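A quick write-up on the structure given underneath.
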Amino acid sequence: MLSLSLLKGYSIDLVLHLMSKGTVILAYSGGLDTSCILVWLKEQGYDVIAFLANIGQDEDFEAARIKAEKLGAKKVFIEDLRSEFVEDFIWPSVQANAVYEDRYLLGTAIARPCIARSQVEIARREGAQFVSHGATGKADSLTLSVGAVQIIAPWRIPDFYNRFRGRTDLMEYAQKHGIPVPVTPKAPWSMDANLMHISYESGILENPKSHAPADLYLMTKNPEDSPNTPDVLEIEFGNGVPLKVTNVKEGKSKNSPLDIFSYLNEIGGKHGVGRIDIVENRFIGMKSRGIYETPGGTILLQAHLDIETFTMDKEVRRIKQGLGIKFSELVYNGFWYSPECDFVRHCINKSQENVQGKVQLSVFKGQVYILGRESPKSLYNEELVSMDVQGNYDPCDASGFIRINAVRLREHHRLQGVSSIKK
């Protein structure tokens, strides 16, 4: 620490800079938690640069910028990451048919590495020694994503979490330090929104028996109140990712990744597609109740599953299914930037080389109905499977195949028969 006597005659800004512990890039949302963290970091002697990631959430970014500057942020960066979020993170998830524990489409988990990548890039550009975020110790995939620099995670620091034991403590701190607090009452649950989904948890939702209030959902319409006429879409795939979506009845098409995904969100939301209410297993072992809305992602999952099965070899797909499960677990647990996840993504991408073609589907009353598909890489042989044409298949070949497979079953039942006699 510099002696104060050596700093006489220098400006206060220079004195503060020389006495700083270093520069922190804070993932800032403008909300109560990260606003308090910003002021707290300054109290600890850090210079703070606020970083806001636009990944499709409904937020007043300019208001958040002004707020961060008033609270003492040295700089504020607002990065529009929507396109790269879709192309670099959502699309690989589509290729993988990524679903955690059979139901969760990973909307929050897949956004964390996108945010972290940009945060670390800013840290390097600004010469910052630290990054910080407001994720809790119970659900923190950001820390693993930004492992390349030193991390300050306040909710895992005893001095912080012992000081701020709940929202009341944060509110008192905010009032004391002139941090603007919400005027309207906070919803009795926490929410995380981005282009892919909105998640709801905590508060009144912590009781797994409690039903979600009707006014909770913001991204999708109640299926009961959705239109009585379906939207029929045609989605064109190449290398396992969407290239184009067309509304068959309206003739409207979208071609860019961001426009495609945004339009599928619009159609899915309009028809109440993609709502789930689940209890899931967190990485550290506890179970957590979450409610999710993922309209566009749900449509794409169904469409991609269909075109993939149509064009991919049976045994390759069996291996790829296992890779998709592993990918989902790695992403959920925060290991996007691990060597194993990089390897799995490479293998999945290789599997998608022939996954191309078009799928037509109907979106209606909370459901996605596949109507048909076509592909130049189709492995479907209409003559071979026809009930009316024998094609290049001799039924006699099946006899030996059946007898070979029956050997194992005969031995199993022979043993079972011996066991039942002994009993």
Side-chain angles (χ1 to χ4, degrees), residues 83-100 102 105-107 109-110 113-114 117 195-196 233-246 253-264 294 296-332 335-361 368 370-385 391-393:
S83 291
E84 61 188 80
F85 180 36
V86 175
E87 295 175 53
D88 298 345
F89 298 92
I90 295 178
W91 273 188
S93 301
V94 171
Q95 289 180 312
N97 299 322
V99 183
Y100 179 69
D102 304 316
L105 272 62
L106 298 162
I110 210 71
C114 178
R117 183 173 72 180
L195 188 67
M196 188 169 183
L233 306 178
E234 180 178 84
I235 303 175
E236 181 177 349
F237 287 87
N239 198 43
V241 301
L243 302 177
K244 182 180 180 181
V245 59
T246 302
S253 294
K254 303 291 181 181
N255 299 286
S256 75
L258 179 56
D259 287 345
I260 289 171
F261 199 77
S262 298
Y263 184 65
L264 291 174
T294 318
T298 300
I299 294 172
L300 279 179
L301 174 63
Q302 298 304 318
H304 181 266
L305 279 168
D306 191 79
I307 197 67
E308 182 179 84
T309 305
F310 193 49
T311 57
M312 187 177 287
D313 174 78
K314 170 190 169 185
E315 295 303 321
V316 172
R317 188 166 187 277
R318 182 175 296 176
I319 295 169
K320 189 263 177 182
Q321 280 180 294
L323 291 173
I325 292 170
K326 184 62 178 177
F327 171 83
S328 302
E329 292 172 350
L330 289 169
V331 171
Y332 185 86
F335 286 97
W336 180 279
Y337 292 110
S338 65
E340 63 270 31
C341 193
D342 186 58
F343 172 76
V344 169
R345 287 199 308 275
H346 175 79
C347 294
I348 290 173
N349 187 58
K350 174 68 177 175
S351 78
Q352 301 295 292
E353 288 179 345
N354 292 326
V355 181
Q356 58 177 279
K358 299 175 182 179
V359 177
Q360 286 203 354
L361 53 86
V368 179
I370 302 296
L371 302 176
R373 77 287 295 159
E374 60 179 311
S375 171
K377 299 289 186 176
S378 166
L379 293 177
Y380 180 85
N381 184 329
E382 189 172 349
E383 185 177 278
L384 187 63
V385 301
N392 190 27
Y393 172 74

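Predicted model only: the values in this text are computed from it and were never measured.
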Exercise. Within the side chain of Ser262, is there an N or O that forms a donor-acceptor pair under 3.5 Å with the backbone of Asp259?
Worked result: no
Exercise. Does a side-chain heavy-atom distance below 4.5 Å link Thr294 with Leu301?
Worked result: no
For this session: State, with a plain yes or no, whether a side-chain heavy atom of Thr246 is found less than 4.5 Å away from one of Lys358.
Result: no
Exercise. In this structure, which one of Arg317, Met312, Arg318 forms a side chain to side chain contact (heavy atoms under 4.5 Å, CB included) with Glu315?
Worked result: Arg318
Problem set entry | Donor-acceptor under 3.5 Å (Ser328 side chain, Val99 main chain) | yes
Exercise. Distance-only, no hydrogens or angles: does the Arg345 side chain make a donor-acceptor pair with backbone N or O of Trp336 under 3.5 Å?
Worked result: yes
For this session: Using a 4.5 Å cut-off on heavy atoms from C-beta on, say whether the side chain of Gln352 contacts that of Phe237.
Result: no
Exercise. For the residue pair Leu361 and Ala303, what are the closest heavy atoms and their distance?
Worked result: CD2-CB, 3.7 Å
For this session: Indicate yes or no: at least one non-hydrogen side-chain atom of Leu233 is less than 4.5 angstrom from one of Leu264.
Result: yes
Exercise. Atom CH2 in Trp91, atom CD1 in Ile110: separation rounded to 0.5 Å?
Worked result: 12.5 Å
Exercise. Considering all heavy atoms of both residues, which atom of Asn354 and which atom of Lys377 are nearest to each other, and what is their separation?
Worked result: O-CB, 3.4 Å
Exercise. With a 4.5 Å limit on heavy-atom distance, are the side chains of Leu258 and Phe85 in contact?
Worked result: no
Problem set entry | Nearest non-hydrogen partners of Phe261 and Met196, listed with the distance | CE2-CA, 3.7 Å
Problem set entry | Side-chain donor or acceptor of Ser375 paired with backbone N/O of Gln356 under 3.5 Å | yes
Problem set entry | CD1 on Ile325 to CG on Leu330, rounded to 0.5 Å | 12.0 Å
Seminar exercise, completed: In terms of heavy-atom contacts, His304 and Gly240 come closest through CD2-O, 3.1 Å
For this session: Compare all side-chain heavy atoms of Leu106 with those of Ser93 and state whether any distance is below 4.5 angstrom.
Result: no
For this session: May I ask you to test the Phe327-Leu323 pair for a side-chain heavy-atom distance under 4.5 Å?
Result: no
Exercise. Side chains of Lys320 and Asn97: closer than 4.5 Å at any heavy-atom pair?
Worked result: yes
